[in-house]
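Written below as structure tokens is the structure these notes are about.
Each ligand, and each atom within it, is numbered from 1 in the order the structure gives. All values reported here derive from a predicted model rather than from experimental measurement.
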Amino acid sequence: MDVRIVNHSKHPLPSYQTIESAGMDLRANTDEDITLNPMERKLIGTGLHIELPVGFEAQIRPRSGLAYKFGITVLNSPGTVDSDYRGELKVLLVNLSEQTVTLKDGERIAQLVVARHEKITWMEADSLTDTERGQGGYGSTGR
Ligand SMILES: O=c1ccn([C@H]2C[C@H](O)[C@@H](COP(=O)(O)OP(=O)(O)OP(=O)(O)O)O2)c(=O)[nH]1
Ligand SMILES: [Mg+2]
């Protein structure tokens, strides 16, 4: 599926790292190094603008390597990109480690997964059907 993209960054278009990757890595597009102190969050531009077809969304998800090695994750994970959004794709990173972390321009900081989504209409009712789970949740089935 072709998706229109405008690349205002200094970097190549995001691409799949392997033939069957679900996500394309997003690169930081910044003039200066990005420094994230412990518990600090920053919104980082990618310089990319996309036009998703109606019925599709894109999710901005963390990279597991950055999370595991440095405690860097996407604060609003998964970030939701709506198909009608024409602004710059941005990545909201947070440093959950106890060390300051520096990221460089062009570094792959998150990944973008494009997915279909349903659009629903509500059918308002007075009650819902019975199920085995019922109202149980939040560990109701034990550990
Ligand atoms: O990680 C993200 C999350 C969102 N967006 C863009 C695309 C999305 O379509 C728009 C709005 O996102 P969202 O609906 O999550 O934010 P909001 O706080 O509800 O803002 P709004 O009132 O603009 O919808 O911001 C990003 O670039 N990166
Ligand atoms: Mg919103």
Side-chain angles (χ1 to χ4, degrees), residues 1-129 131 133-141 143:
M1 178 177 73
D2 288 337
V3 173
R4 283 174 80 99
I5 185 166
V6 174
N7 185 1
H8 285 150
S9 81
K10 319 174 213 46
H11 308 296
L13 291 182
S15 60
Y16 297 110
Q17 297 295 120
T18 69
I19 206 161
E20 293 191 38
S21 292
M24 290 178 168
D25 289 344
L26 295 173
R27 294 176 187 275
N29 189 57
T30 170
D31 294 332
E32 294 159 12
D33 286 357
I34 300 155
T35 303
L36 282 164
N37 293 316
M39 296 307 290
E40 190 180 10
R41 59 182 185 265
K42 272 189 185 161
L43 194 57
I44 299 165
T46 64
L48 301 171
H49 301 245
I50 65 174
E51 187 172 327
L52 292 165
V54 175
F56 287 80
E57 55 145 352
Q59 298 168 8
I60 296 178
R61 302 188 189 169
R63 290 189 68 207
S64 58
L66 282 182
Y68 179 53
K69 292 180 196 157
F70 304 109
I72 296 290
T73 190
V74 175
L75 182 58
N76 58 326
S77 182
T80 304
V81 181
D82 303 289
S83 64
D84 56 358
Y85 181 67
R86 298 289 180 269
E88 181 184 12
L89 293 184
K90 292 186 179 175
V91 179
L92 183 55
L93 291 184
V94 62
N95 178 3
L96 300 182
S97 80
E98 287 167 350
Q99 274 81 45
T100 296
V101 175
T102 302
L103 299 164
K104 298 206 167 297
D105 177 45
E107 213 170 311
R108 289 176 288 136
I109 54 171
Q111 58 187 317
L112 188 80
V113 175
V114 174
R116 281 181 202 274
H117 68 85
E118 299 294 336
K119 185 160 179 184
I120 61 146
T121 51
W122 294 118
M123 190 179 72
E124 203 169 358
D126 294 327
S127 62
L128 304 176
T129 58
T131 65
R133 173 176 291 278
Q135 312 230 3
Y138 313 99
S140 69
T141 62
R143 286 185 67 176

* To do: With the side chain counted from C-beta on, respond yes when Met39 and Leu96 share a heavy-atom pair under 4.5 Å apart, and no when they do not.
  => yes

What are the atom names and distances for all N or O pairs under 3.5 Å between ligand 1 and the protein?
unit_1: ligand 1; atom_1: 1 (O); unit_2: Asn76; atom_2: ND2; d: 3.0
unit_1: ligand 1; atom_1: 9 (O); unit_2: Asp82; atom_2: N; d: 3.0
unit_1: ligand 1; atom_1: 9 (O); unit_2: Asp82; atom_2: OD2; d: 2.6
unit_1: ligand 1; atom_1: 27 (O); unit_2: Lys90; atom_2: N; d: 3.1
unit_1: ligand 1; atom_1: 28 (N); unit_2: Lys90; atom_2: O; d: 2.8

* Donor-acceptor pair, Arg63 side chain versus Arg108 backbone, under 3.5 Å? -> yes

* Arg86 backbone acceptor or donor facing Glu51 side chain under 3.5 Å -> no

* Asked: For Ser83, which residues count as a side chain to side chain donor-acceptor pair (under 3.5 Å) partner, sequence neighbours excluded?
  -> none

* Sorted by first residue and then second, give each ring pair (Phe, Tyr, Trp, His ring centres under 6.0 Å) pair with at least one member in residues 16-41; sequence neighbours left out. => none

Donor-acceptor contacts, no H, no angles, side chain residues 29-37, under 3.5 Å, sequence neighbours left out:
unit_1: Asn29; atom_1: OD1; unit_2: Lys10; atom_2: N; d: 3.1
unit_1: Asn29; atom_1: OD1; unit_2: Lys10; atom_2: NZ; d: 3.1
unit_1: Thr30; atom_1: OG1; unit_2: Glu32; atom_2: N; d: 3.2
unit_1: Thr30; atom_1: OG1; unit_2: Glu32; atom_2: O; d: 2.7
unit_1: Asp33; atom_1: OD2; unit_2: Lys104; atom_2: NZ; d: 3.0
unit_1: Asn37; atom_1: OD1; unit_2: Thr100; atom_2: OG1; d: 3.0
unit_1: Asn37; atom_1: ND2; unit_2: Glu40; atom_2: OE1; d: 3.4

